Amino acid sequence: MNEPIPVTRTVDHGVAKLMPDVDRERAWLLTVDGAPQSYVDLDEPEYLEFEYARRLGHVLDTASEAGRPLDVLHLGGGALTLPRYLAVTRPGSRQDVVEADRALLEFVVEHLPPDEDAGIALHAADARAWLESAPAESADVLVADVFGGSRVPAHLTSVAYAQEAARVLRGEGVYLANLADGAPFAFLRSQLATFATVFKELVLIAEPAVLRGRRFGNAVLVAAHHPIDTAVLARLTASDAFPARVEHGPALREFIGGAQPVRDADAVPSPVPPDGAFGIG
């Protein structure tokens, strides 16, 4: 049998590359301009390689009773890691995936097509534009994992964007986002302040080294109008290979400090990661 080989394509926003994992027979790493974007194991879609993806997975696992199908809107497609995960862990879920880079979406579907019966609908569109046209109260979960290169686009950081996310979610719905920042956390604090204007409950999940400002890294933002079971999330994240902290309540308000909500007119992308922050060898 032929060994899988890397494949590369110029997409709308850079150069995408799919590289096989030598340790897992049908697993692939997707990079764009050298920055890791997604990892997927076609034989075991429930396996999540990236730590931030595992944290998102923990939130998805606890969003409702185990196995219950959900209506999920994914902003950002990548290699469809989380849609594949949910298709297995919550069969029968209806999922819409919105990816602005049409060429990237086509590249992934050509080489790593999702199962036809997975309930995953793919859309090449801008995330904010799609969100603004989506029906009210149409999603149980909204997952935002959108990076233009290695930065969250500015138009997905404002109060108006958060309001649209809340409009699309049902009353018991959950918003979760993959963000990236480092000390002094101007971007991350502003995002928490922004979503606090719209949602009653906020939770932040990140490695202690990131929260202490020792390095640049990912942080998962969780927002809802109802209490989030932080005790369960804390147990799950503490058992990961790289344990994370679950911040909420007074500690999170202290972290936000005097940060102000972001308006569309003042929105900027997330910071440029330092060299090597997410690089691969």
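Only a predicted model underlies this, so the values are computations on that prediction, with no experimental measurement involved.
Counting only N and O atoms by type, the side chains of D145 and H74 include no donor and acceptor under 3.5 Å apart. Side-chain contact, D264 with S158: a donor N or O sits under 3.5 Å from an acceptor N or O.
Every residue two or more places apart in sequence or in another chain that forms a side chain to side chain donor-acceptor pair (under 3.5 Å) with R94 is listed here: D71. Looking at residues two or more places apart in sequence or on another chain, you find a side chain to side chain contact (heavy atoms under 4.5 Å, CB included) between E46 and E44, Y85, V88, T89.
We find that R170 and E172 are not joined by a salt bridge, their nearest charged nitrogen and carboxylate oxygen being 4.0 Å or further apart. Taking the charged nitrogens against the carboxylate oxygens, E137 and R167 have no contact shorter than 4.0 Å, which rules out a salt bridge. Salt-bridge formation is not detected for the pair R212/E207: no Lys NZ or Arg NE/NH1/NH2 atom is positioned less than 4.0 Å from an Asp or Glu carboxylate oxygen.
Remark: the backbone N or O of P261 is not paired with any side-chain donor or acceptor of T194 at under 3.5 angstrom. Between the side chain of T31 and the backbone N or O of P36, no donor-acceptor pair lies under 3.5 Å. No donor-acceptor pair under 3.5 Å is formed between the side chain of R54 and the backbone N or O of T237. A distance-only check finds a donor-acceptor pair linking the side chain of S38 to the backbone of A79 [under 3.5 Å].
Between Y161 and H155, the distance separating the two ring centers is not shorter than 6.0 angstrom.
Side-chain contact between V152 and F187: present, with at least one pair of heavy atoms (C-beta onward) separated by less than 4.5 Å. At least one side-chain heavy atom of E51 sits less than 4.5 Å from a side-chain heavy atom of D240.
The nearest pair of heavy atoms linking A267 to V262 is CA-CG1, 3.6 Å.
Applying the side-chain hydrogen bond (donor to acceptor under 3.5 Å, both in side chains) test to residues at least two apart or on different chains, the pairs with a partner in residues 9-18 are R9-E110.
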